[in-house]
Amino acid sequence: MKNTRHIAGIVAFALALFLGAAAHAQTAQDIVAATDKVRNPSKPFRTVLKLTEYVGGKERDHDSLTVFSKEDPSTRQFRNLVQYVEPARDAGKRVLLDGHSLWFYDPDSKESVRISAQQRLIGQAAVGDILTVNLAADYTASVLATEKIDDATHQPRECWHLELKAANDVATYNRVEYWVEQGTFYPIKGKFYSDSGRLLKILYFRNFAERLGAVRPSEAIIIDAVDSSLATTATFGDYAWQDIPEAWFQRDFLPRLQIK
């Protein structure tokens, strides 16, 4: 009987070692790449994005945008075209991410001007926050810890706590802390820092639902890191696969672009 218990103990110990080694074999970069696949469809698609700004829990402003995204197989990064829908005064305005450059097009002036990913759209949401991006392509990741945190609905989640450092000048933020749920690779929470190291905003993902063949977050809450009464929700809806012509991602084509 003692022999059996001894053997069982050895087997359990060996199994624990094996599982522990398997967990550590998954690199931080692998984890980020896996959560990129949760957030981003693999084929060209479009989605409608509603941004709503809140102050002290009360709505102050909102925008509606259509986002067209297509992955560049050579860089693994997405090209994006954003079309303003609402409010009416902004309808027809566009933002284009073409390679390393961001362009803003105004139909009134018929001109395209270069902008930065940090430029505000509404409330706490910047241009870079609403674009489809593969974080694994723009950041170098490391695992800081594994820990249990509460998600946006106050449910506990077992997560990898990652640190992402900008690997190129395309990255919107210099540094990001990122919590990814173990097992599902769902993105749960992010903290975003400026070049000087200042915490700018805190983001929670929520409302995970089936979208284009996978379960993805359909809403994000972006909270001001200094004043938590200032928040913006980004709600993604009306997902659809879309054949997006290459011409749509050319700056010179923006004035002639006809989007139905």
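Atom set for the values below is all heavy atoms of this structure, side chains included, hydrogens, waters and symmetry mates excluded. Sequential numbering from 1 along the given sequence is applied to the chain's residues. Note that this is a predicted model, so its numbers are computed, not measured.
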| message | Contact between Leu144 and His161 at the side-chain level, heavy atoms closer than 4.5 Å - yes or no? | response | yes
| message | Count I, L, V, M, F, W, Y as connected when their side-chain heavy atoms are under 4.5 Å apart, and connections chain through other members. Are Val95 and Val170 then in the same cluster? | response | no
| For the rings on Trp179 and Phe205, is their centre-to-centre separation under 6.0 Å? | no
| said: Pair Thr140, Leu164 - check side-chain contact (heavy atoms from CB on, under 4.5 Å), show working. | reply: CA-CA 5 Å; Thr140 301; Leu164 279 57; over 6 Å; no
| task | Consider only side-chain heavy atoms of I, L, V, M, F, W and Y, link residues closer than 4.5 Å, and tell whether Leu200 and Ile222 are in one cluster. | result | yes
| request: Classify the side-chain pair Glu219/Thr235 by whether it contains a donor and acceptor separated by less than 3.5 Å. | output: yes
| field | Heavy-atom closest contact (Gln250 atom, Leu96 atom, distance) | value | C-CD2, 3.8 Å
| field | side-chain contact (heavy atoms from CB on, under 4.5 Å) assessment of Ile31 paired with Gln26 | value | CA-CA 7 Å; Ile31 295 167; Gln26 192 146 47; 4.0 Å; yes
| Residue pair Thr132, Phe45: steps toward the side-chain contact (heavy atoms from CB on, under 4.5 Å) verdict | CA-CA 10 Å; Thr132 305; Phe45 71 97; 3.7 Å; yes
| field | All ring pair (Phe, Tyr, Trp, His ring centres under 6.0 Å) counterparts of Tyr186, not counting sequence neighbours | value | Phe208
| task | Could you tell me whether a side-chain N or O of Asn168 sits under 3.5 Å from a main-chain N or O of Ala171, the two making a donor and an acceptor? | result | yes
| said: Quick check: do Leu257 and Gln83 have side-chain heavy atoms less than 4.5 Å from each other? | reply: no
| field | Nearest heavy-atom neighbours spanning Gly213 and Glu210 | value | C-OE2, 3.3 Å
| field | Main-chain N/O of Val133 paired with Asn40 side-chain donor or acceptor, under 3.5 Å | value | yes
| said: For a quick test of reading the model, state the closest non-hydrogen atom pair linking Thr47 to Gly237 and the distance between them. | reply: OG1-O, 2.9 Å
| query | Could Arg211 and Tyr239 be counted as a cation-pi pair, given that NZ or CZ must be under 6.0 Å from the ring centre and within 45° of the axis? | reply | no
| message | Please tell me whether Phe68 and Val85 are part of a single hydrophobic cluster in this structure, the criterion being side-chain heavy atoms less than 4.5 Å apart. | response | no
| query | Between Arg216 and Val38, is there a donor-acceptor pair closer than 3.5 Å when you use the side chain of the first and the backbone of the second? | reply | yes
| field | Nearest-0.5 Å distance, CZ of residue Arg157 to OG1 of residue Thr184 | value | 6.5 Å
| CG on Leu131 to CG on Leu97, rounded to 0.5 Å | 5.5 Å
| request: Output the distance between atom OG1 (Thr232) and atom CG (Asp129), rounded to the nearest 0.5 Å. | output: 9.0 Å
| request: To the nearest 0.5 Å, tell me how far Thr52 OG1 sits from Arg60 CZ. | output: 13.0 Å
| Going by heavy atoms in the side chains, are Arg46 and Ser69 under 4.5 Å from each other? | no
| task | Find out whether Leu230 and Val55 are in side-chain contact, i.e. whether some heavy atom of one side chain is under 4.5 Å from a heavy atom of the other. | result | yes
| Looking only at heavy atoms, what is the nearest atom pair of Ser194 and Asn174, with distance? | O-CB, 3.7 Å
| If you look at every heavy atom in Ser42 and Glu71, which pair is closest and at what distance? | O-OE1, 4.1 Å
| task | Find out if a path of hydrophobic residues (ILVMFWY) with successive side-chain heavy-atom gaps under 4.5 Å connects Trp241 to Phe78. | result | yes
| field | Identified side chain to side chain contact (heavy atoms under 4.5 Å, CB included) partner of Lys189 from the options Ile221, Ile202, Val180, Leu203 | value | Ile202
| message | Whether the side chain of Glu147 engages the backbone of Cys159 through a donor-acceptor N/O pair (distance < 3.5 Å, no angle test) should be reported. | response | no
| query | Is Arg76 salt-bridged to Asp36, going by a charged N under 4.0 Å from an acidic O? | reply | no
| Taking all atoms of both residues into account, what is the closest heavy-atom pair of Leu51 and Ala125, and its distance? | CD2-CB, 4.1 Å
| field | Pair Tyr204-Asp150, side-chain donor/acceptor within less than 3.5 Å | value | no
| Can you tell which of Phe192, Tyr139, Tyr178 makes a ring pair (Phe, Tyr, Trp, His ring centres under 6.0 Å) with Tyr173? | Phe192
| field | Residue pair Leu102 / Asn80, side-chain heavy-atom distance below 4.5 Å | value | no
| Does Arg251 CZ have over 12 foreign heavy atoms under 6.0 Å away? | yes
| Spacing of Lys110 atom NZ and Asp108 atom CG [to the nearest 0.5 Å] | 7.0 Å
Please set out all donor-acceptor pairs under 3.5 angstrom arising from side-chain atoms of residues 111-123, sequence neighbours excluded.
{"unit_1": "Arg114", "atom_1": "NH2", "unit_2": "Ser101", "atom_2": "OG", "d": "3.1"}
{"unit_1": "Ser116", "atom_1": "OG", "unit_2": "Gln118", "atom_2": "N", "d": "3.4"}
{"unit_1": "Ser116", "atom_1": "OG", "unit_2": "Gln119", "atom_2": "N", "d": "3.4"}
{"unit_1": "Gln118", "atom_1": "NE2", "unit_2": "Thr172", "atom_2": "O", "d": "2.3"}
{"unit_1": "Arg120", "atom_1": "NH1", "unit_2": "Gly123", "atom_2": "O", "d": "2.7"}

| request: Indicate yes or no: at least one non-hydrogen side-chain atom of Phe185 is less than 4.5 angstrom from one of Trp160. | output: yes
| said: Strictly distance-based, threshold 3.5 Å: is any side-chain N or O of Gln29 a donor or acceptor partner for the main-chain N or O of Ala136? | reply: yes
| request: For side-chain contact (heavy atoms from CB on, under 4.5 Å), just list the numbers for Trp248 and Lys70, CA-CA rounded to whole Å, side-chain angles, deciding distance to a tenth of an Å, and then say yes or no. | output: CA-CA 10 Å; Trp248 286 23; Lys70 184 177 185 179; over 6 Å; no
| task | Drop me the distance from Thr66's OG1 to Asp238's CG, to the nearest 0.5 angstrom. | result | 8.5 Å
| In terms of hydrophobic clusters joined by side-chain contacts under 4.5 Å, are Ile223 and Leu199 together? | yes
| message | Taking Asn207's backbone N and O only, do any of them form a donor-acceptor pair with Ser218's side chain (distance below 3.5 Å, no angle check)? | response | yes
| said: Would you say that Arg94 contacts Trp103 through its side chain, given a criterion of any heavy-atom pair below 4.5 Å between the two side chains? | reply: no
